[in-house]
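Residue numbers begin at 1 in each chain, while the letters A, B, ... track the order of the sequences.
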Protein chains: 2
Amino acid sequence: MTSSSLAGRSGIPLLYREVKKQLIADIQSGAVAPGGALSNESDLAKRFDVSIGTVRRAVDELVADNILVRQQGRGTFVGRLDRARFMFQFFKIAARDGTREFPQVRLHSFARSRATPAEARALALQGAAPVFRIENILALQGRPVIHDHIVIAAALFPGLGKRMFEQRAGTVYELYQSAFGLTIVGADERVRAQAAGESSARLLGLSPGDSVLRIERLALTFDNKPAEFRVSIVDTREFDYVSSAQPTA
Amino acid sequence: MTSSSLAGRSGIPLLYREVKKQLIADIQSGAVAPGGALSNESDLAKRFDVSIGTVRRAVDELVADNILVRQQGRGTFVGRLDRARFMFQFFKIAARDGTREFPQVRLHSFARSRATPAEARALALQGAAPVFRIENILALQGRPVIHDHIVIAAALFPGLGKRMFEQRAGTVYELYQSAFGLTIVGADERVRAQAAGESSARLLGLSPGDSVLRIERLALTFDNKPAEFRVSIVDTREFDYVSSAQPTA
DNA sequence: AAGTGGTCTAGACCACTTG
DNA sequence: AAGTGGTCTAGACCACTTT
């Protein structure tokens, strides 16, 4: 292949940012698959016509964002959105004693319908665009604790069906990643307390009016583009939403 | 002063980690004050007998942790825990439309008493150690929204009194930093929904039993040592707890 | 003009994994 | 032994701020 070196330092586009963009493009195009290895650093340096240090800086940032994973002596890999990463990066519910456990997920409903105005706004969709609307019940320690309502744009998930969703091997985000080439890289969450509605109360074994936690999560893909809108109703009698912001070391 | 070079690469202590430790020690000892400038990078490199690149790596991490602030052309400074930083790093309550506003704080009670077992556990104190117990009411848009209950070990804040606390110029954490040399660098938070108690309901204008958010925050200083335990009761009828985890760019 | 941090380079050497 | 990432160095050159 012809070597495609990067922009020539004209409008001050930082070299390592350009390298980062290219690496992201490789992931989005499928040129490197989830779990697959990147070229080694000296080859990347040759390909982009920069020094190894510049490649390392670009990779450093992608590693900090949990998008790439380095393994000394082995290589650098595209991070899979597997259970371990989901627990680490996205699942913030822990038992009172701090114990964290991967939830047992049961599909409650799967439907194709249209976005409400609020959903369209969150997902940056035009009008009442077609969406998939999915409800899950998540159990911890054998008891239903979380009632999830997922909304995703149908246009981003061509061919998605109930069976495919239900019979996925790993996490929901891993399905997005492996079957639709859509990588969730971050999320904005808004949390508040409210009285449980009738449906959530029934599904979680509560009385209507009991206090529950409501989490709105907007999951984002590259460039902070919204990809999934999710409302989670959590019974916090025995579990907490945890958020840690500690210096690295 | 006699140059004190760092460990001689014996037990594989990473050089940049050692530099980082020394810079933190300078902050804790008061050798560089909050808001004050560090030596320039080449002087730091000489002092620690390492290359500038190694100094930069240490400073990079401290900047990422919001402990230092770089200003190109001016220097590198110890970050002050002022309002802007408090809003950015610690205050996670926002109006439904996303608006963020620094709260108006009113002292409700100030007392010296002893730690409960749970508080002693959180703060890593022995037995029923002496603590200060402070209640604040925080108002947003002119209405009381948050009822804070702060617990701090008396031993860490010698000479703290009600007047000093009430008449502080800036944020609570800035008082800790400037008057007691204690820098808050991070926090662990646990959030859940519960029915409002009598006291919080009265102070926030709610009916007992209304759903409120309960936030337990353990604020940490260097080495993740606990420094403050705080319970915040939040009226989330018009405000949310927000948590964002987006890639840097 | 002088001083600061910011980017990028080229290369030495080390630590770890695999064949 | 060969190949990978990890640390550290020394220095060029640029961008920004202050005097």
Listed in order of residue number, which residues of residues 71-82 of chain A have a non-hydrogen atom at under 4.0 Å from DNA chain C? A:Gln72, A:Gly73, A:Arg74
Under 4.0 Å from OP1 or OP2 of [N]: is there any side-chain N or O of [X] that close?
X: A:Arg70; N: D:dG6; value: yes
X: B:Arg56; N: C:dG6; value: yes
X: A:Asn40; N: D:dG3; value: no

Of all heavy-atom pairs between [X] and [Y], which one has the smallest distance, and what is that distance?
X: A:Gly79; Y: A:Gln177; value: O-NE2, 3.1 Å
X: B:Glu61; Y: B:Tyr16; value: OE2-CE1, 3.3 Å
X: B:Ala45; Y: B:Ser51; value: CB-C, 4.0 Å
X: A:Pro226; Y: A:Leu220; value: CA-CD2, 3.8 Å
X: B:Ile93; Y: B:Phe239; value: CG2-CB, 3.8 Å

Tabulated below should be each protein N or O lying under 3.5 Å from an N or O of nucleotides 9-13 of chain D; please produce it.
{"from": "D:dT9", "atom 1": "OP2", "to": "B:Ser51", "atom 2": "N", "distance (Å)": "2.8"}
{"from": "D:dT9", "atom 1": "OP2", "to": "B:Ser51", "atom 2": "OG", "distance (Å)": "2.8"}
{"from": "D:dT9", "atom 1": "OP2", "to": "B:Thr54", "atom 2": "OG1", "distance (Å)": "2.4"}

Residue of the set B:Arg217, B:Arg106, B:Arg230 for which salt bridge (charged side-chain N to carboxylate O under 4.0 Å, His left out) holds with B:Asp148: B:Arg230
Between [atom2] of [N] and [atom1] of [X], the distance in whole Å:
X: A:Leu38; N: D:dT4; atom1: CG; atom2: P; value: 12 Å
X: A:Asp43; N: D:dG3; atom1: CG; atom2: P; value: 11 Å
X: A:Leu62; N: D:dG5; atom1: CG; atom2: P; value: 14 Å
X: B:Lys46; N: D:dC8; atom1: NZ; atom2: P; value: 21 Å
X: B:Asp60; N: C:dG6; atom1: CG; atom2: P; value: 8 Å

Has A:Ser244 got a side-chain atom pairing as donor or acceptor with B:Asp188's backbone, closer than 3.5 angstrom? no
Flag, side chain of B:Thr171 to backbone of B:Leu81, donor-acceptor distance under 3.5 Å: yes
Taking atom types as modelled, is there a side-chain donor on B:Arg85 or B:Gln89 under 3.5 Å from an acceptor on the other? yes
B:Arg57 near the nucleic acid: base, sugar-phosphate alone, or nothing, with a heavy-atom cut-off under 4.0 Å? sugar-phosphate
Please walk me through it: do A:Phe132 and A:Phe157 pass ring-ring contact (aromatic ring centres under 6.0 Å, His included)? CA-CA 9 Å; A:Phe132 292 108; A:Phe157 300 88; 7.3 Å; no
Please evaluate residues A:Asp43 and A:Lys46 with respect to the criterion salt bridge (Lys or Arg N to Asp or Glu O under 4.0 Å), reporting the C-alpha separation (whole Å), side-chain torsions for both, the decisive distance (0.1 Å), and the verdict. CA-CA 5 Å; A:Asp43 282 356; A:Lys46 283 175 206 152; 3.7 Å; yes
Dot-bracket encoding per residue of DNA chain D, Watson-Crick/G-U cut-off under 3.5 Å, | denoting interstrand: ||||||||||||||||||.
